[in-house]
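Here is the structure we will look at.
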Protein chains: 2
Amino acid sequence: MKLLEERILKDGNVLGENILKVDSFLTHQVDFKLMKEIGQTFADRFKDAGVTKVVTIEASGIAPALYVAEALDVPMIFAKKAKNITMNEGILTAEVYSFTKQVTSTVSIAGKFLDPSDKVLIIDDFLANGQAAKGLIQIIEQAGAQVEAIGIVIEKSFQDGRGLLEELGYPVVSLARLDRFENGQVVFKEADI
Amino acid sequence: MKLLEERILKDGNVLGENILKVDSFLTHQVDFKLMKEIGQTFADRFKDAGVTKVVTIEASGIAPALYVAEALDVPMIFAKKAKNITMNEGILTAEVYSFTKQVTSTVSIAGKFLDPSDKVLIIDDFLANGQAAKGLIQIIEQAGAQVEAIGIVIEKSFQDGRGLLEELGYPVVSLARLDRFENGQVVFKEADI
């Protein structure tokens, strides 16, 4: 997605070996115009796939996932990272290790929001090691629902998340693919859309 | 907001003494159509107020805040509840106690996204004790920016958050105000919009 790649080059900050900070438009401050374009781009790709739900994980996935859901005209569900006292029955869970935050979280979705007739498009802001997406897949399969694909805004192609998810049998569709960082600049691989 | 009150009556679940669960359209599964209406309703109210930023707190505030930002055509910023290794300088923080989750979190916003010329509309999904909103106000004032108002989707009017924020001098504008629960049913107070 050319618009996204241009925005990453303009406003992204490369930190250290493997961190790209995009907090001015995606992960902290959010540019709704770009999110709408992202939503439309995924929706164009999946408009004939029969997707019935968009699933993401709090918190940075919510903004892009919401506009994908709007463009596909389906509900969006965001998985929770911590138990809440108002969430107490019929909860589907998976363990997810975050390399960025260096903690393991129990990720959960209330089972009542997924059923075997659902075809789910997973959306997330970043794909690095694939642990978050893998946790979401486990939860969706516990519900007997089908994962159509994993849509990623920014893929760190130098990490092994894509390989892991493809080995599990799920297509990954990424709008921007980071091949490597050179002198503090992003070098892209060809994106999927 | 009549549409919201009707939705609460239809799909909200009263749990125990003081919990209203709205996880089928707001706090877990998200109905983007309702969020758009919420965004437009707040925007109609604040369209002449010169708002330059919408600020919320992860995670359930993001969906309504995003559509408010879209309708006002300004950026949305979501405050973070935990430190992230990619967030390491110029961070403004406040301590916030969550009665729902029974934990104190450090809430933070990168200072670079707020400046003294900003006029901020705070948006949150729930107002109970007002601790989250108070933390956001503290952060916004550390940046020298101005808080225009606090826009709330669902106010628990039987708790003291509104009083606390009004005493601090900030207007609270709530789309639905829960007066009390009677036999497992919500009884509303007159809403602000």
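Being a predicted model, the structure only gives us computed values, none of them experimental. Residue numbers start from 1 in every chain, and the chains themselves are labelled A, B, ... in the order their sequence lines are given, proteins ahead of strands.
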>> In this structure, would A:Leu3 and A:Ile38 fall into the same cluster of hydrophobic residues linked by side-chain contacts under 4.5 Å?
In response: yes
>> Run the side chain to side chain contact (heavy atoms under 4.5 Å, CB included) test against B:Ala79 and tell me which residues pass, sequence neighbours left out.
In response: B:Ile57, B:Val107, B:Ile109, B:Leu136
>> Quick check on the hydrophobic clustering: are B:Val187 and B:Ile8 connected, directly or via other members, by side-chain heavy-atom contacts under 4.5 Å?
In response: no
> Does anything in residues 59-76 of chain A get under 4.5 Å of chain B by heavy atoms, and if so which residues?
Replying inline: A:Ala59, A:Ser60, A:Ile62, A:Ala63, A:Leu66, A:Tyr67, A:Ala69, A:Glu70, A:Asp73, A:Val74, A:Pro75, A:Met76
> Out of curiosity, A:Thr27 OG1 to B:Lys80 NZ, how far, rounded to the nearest 0.5 Å?
Replying inline: 4.5 Å
>> Can you tell me which portion of B:Leu34 sits under 4.5 Å from chain A's heavy atoms? Options are side chain, backbone, both or neither.
In response: neither
> Can you list every pair that meets ring pair (Phe, Tyr, Trp, His ring centres under 6.0 Å) and has a residue in residues 141-193 of chain A, with sequence neighbours left out?
Replying inline: A:Phe158-A:Phe181
> Can you name the closest pair of heavy atoms from A:Leu26 and B:Phe78 and give their distance?
Replying inline: O-CE2, 4.1 Å
> Is chain B contacted by the side chain of A:Leu114, its backbone, both, or neither, given a heavy-atom distance below 4.5 Å?
Replying inline: neither
>> Checking B:Phe113 now: which residues fulfil ring-ring contact (aromatic ring centres under 6.0 Å, His included) with it, not counting sequence neighbours?
In response: A:His28
> So do A:Gln29 and B:Lys53 actually touch side chain to side chain, heavy atoms under 4.5 Å?
Replying inline: yes
> Linking I/L/V/M/F/W/Y whenever any side-chain heavy atoms sit under 4.5 Å apart, do A:Val96 and A:Val103 land together?
Replying inline: no
